[in-house]
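Model, not experiment: these values are computed from the prediction.
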Amino acid sequence: MPAQILDGAAMAEKIRQQIAQEVAQRLAEGKPAPGLATVLVGENPASQVYVKSKHKACQQVGIRSMGYELPATASQQEVMDLVKHLNDDPAVNGILVQLPLPSGLDEEKVLGAISIEKDVDGFHPINIGRLAQKGREPLFVPCTPAGCMVLIESVLPDLNGANAVVLGRSNIVGMPVALLLVRANATVTICHSRTRNLKEVCRSADVLVAAVGRAEMVRGDWVKPGAVVIDVGINRVEDATQPRGYRLVGDVAFDEVKEVAGWLTPVPGGVGPMTIAMLLQNTLRAARLSDV
């Protein structure tokens, strides 16, 4: 029996509707609309598309969005000064610095300069540190990992003792989603380029999260029958039959894996929409924190 498709777009739409209602309620109570500031350094086309989509999503739910752009030649100090200015602006509840930054800029210093109360991307070292510690709670959880967990728990609400495998160990997805799975009491294995018997390890997973950035790396015989498979990858593959000359695929060979898995996210339309929904949710949370 083919896998059931985990429709991230439909789930994200429900979350966005709820956020829009809560924002409208804030306004009815005389409170200001939540404000999100984006910082785009350079002219990376993919980053420009991502930022534009985030502004559009904000507009749809009533969140104010403010875009700040710096040239690729901007210095470290110029970027840091902009972040400080946004930290001090009471109209800004959340700050999102679009990654990657141009070469020569220190991403860690920039992310560390964002006020923890405005870190809606969840990448501040303190937020990540709290996520990694038992009994501590981060103010914000990184958006893509948070979206993955909502998708997983929609079909497996009880992860106690489940065997989870995370393919990839990036700071943005792999490591945070592994920490979230540990918090949900799953038994977690993190795989990477040095992992031995990778296929066998993946086949042991009740929950498999693929976030490695390699097109269709996970094949059908890598997946345990009935597993929940979350495909975080977005890769361009040349395809002369497409108007754009390429098509988007994930890290999972969809047609093969759908014949084995119990649940599977599509690409596009799976994790991507959830990431933006979680960003909106974090921005609303930041506004609530500023009310106190």
Side-chain angles (χ1 to χ4, degrees), residues 1-6 8 99-100 123 128 131-132 141-156 158-239 246-272 274-275:
M1 184 176 176
Q4 296 183 55
I5 302 304
L6 281 170
L99 303 178
F123 293 152
I128 293 294
L131 184 63
V141 172
C143 302
T144 298
C148 290
M149 291 301 296
V150 172
L151 288 166
I152 292 166
E153 291 177 332
S154 72
V155 293
L156 279 184
D158 183 3
L159 287 168
N160 276 296
N163 195 15
V165 172
V166 178
L167 188 55
R169 54 178 170 177
S170 73
N171 290 337
I172 293 174
V173 181
M175 292 304 294
V177 81
L179 294 170
L180 288 168
L181 286 162
V182 168
R183 280 179 168 249
N185 295 323
T187 300
V188 181
T189 303
I190 303 171
C191 295
H192 45 78
S193 59
R194 306 294 174 87
T195 300
R196 296 174 183 172
N197 303 317
L198 181 59
K199 182 168 107 172
E200 288 75 13
V201 174
C202 290
R203 265 190 68 87
S204 71
D206 301 308
V207 176
L208 176 61
V209 180
V212 73
R214 288 180 58 184
E216 300 181 325
M217 178 178 175
V218 177
R219 315 304 300 193
D221 60 355
W222 288 38
V223 175
K224 179 180 180 180
V228 178
V229 180
I230 305 295
D231 189 352
V232 183
I234 301 180
N235 309 285
R236 288 187 180 188
V237 174
E238 290 184 12
D239 187 341
Y246 67 88
R247 57 190 169 86
L248 295 178
V249 301
D251 292 349
V252 171
F254 184 88
D255 289 340
E256 291 183 22
V257 171
K258 75 177 181 182
E259 300 300 325
V260 184
W263 293 271
L264 174 61
T265 58
V267 175
V271 174
M274 291 297 295
T275 297

If you define the side chain from C-beta out and look only at heavy atoms, does anything of [X] sit under 4.5 Å from [Y]?
{"X": "Val232", "Y": "Val209", "value": "yes"}
{"X": "Ile152", "Y": "Leu181", "value": "yes"}
{"X": "Leu198", "Y": "Met217", "value": "yes"}
{"X": "Pro176", "Y": "Val141", "value": "no"}
{"X": "Ile172", "Y": "Phe123", "value": "yes"}
{"X": "Leu159", "Y": "Met149", "value": "yes"}
{"X": "Asp206", "Y": "Lys224", "value": "yes"}
{"X": "Glu256", "Y": "Trp222", "value": "no"}

Sort and list the pairs that fulfil salt bridge (charged side-chain N to carboxylate O under 4.0 Å, His left out) and have at least one residue in residues 164-181, not counting sequence neighbours.
none

Quick one: pull up [atom1] in [X] and [atom2] in [Y] and give me the separation to the nearest 0.5 Å.
{"X": "Leu180", "Y": "Leu131", "atom1": "CG", "atom2": "CG", "result": "5.0 Å"}
{"X": "Leu248", "Y": "Arg236", "atom1": "CG", "atom2": "CZ", "result": "7.0 Å"}
{"X": "Ile234", "Y": "Asp251", "atom1": "CD1", "atom2": "CG", "result": "9.5 Å"}

Side chain to side chain donor-acceptor pair (under 3.5 Å) partners for [X], two or more places apart:
{"X": "Asn160", "result": "Asp158, Asn185"}
{"X": "Thr187", "result": "none"}
{"X": "Asp239", "result": "Thr241, Arg247"}
{"X": "Arg183", "result": "Glu137"}

Phe254 and side chain to side chain contact (heavy atoms under 4.5 Å, CB included): which partner among Val267, Val218, Leu264?
Leu264

The criterion is side-chain contact (heavy atoms from CB on, under 4.5 Å); which residues satisfy it with Ser154, sequence neighbours excluded?
Leu6, Met11

Is the count of non-hydrogen atoms from other residues, nucleotides or ligands lying under 6.0 Å from Asn171 atom CG greater than 12?
no

For side chain to side chain contact (heavy atoms under 4.5 Å, CB included), just list the numbers for Val257 and Arg219, CA-CA rounded to whole Å, side-chain angles, deciding distance to a tenth of an Å, and then say yes or no.
CA-CA 6 Å; Val257 171; Arg219 315 304 300 193; 6.0 Å; no

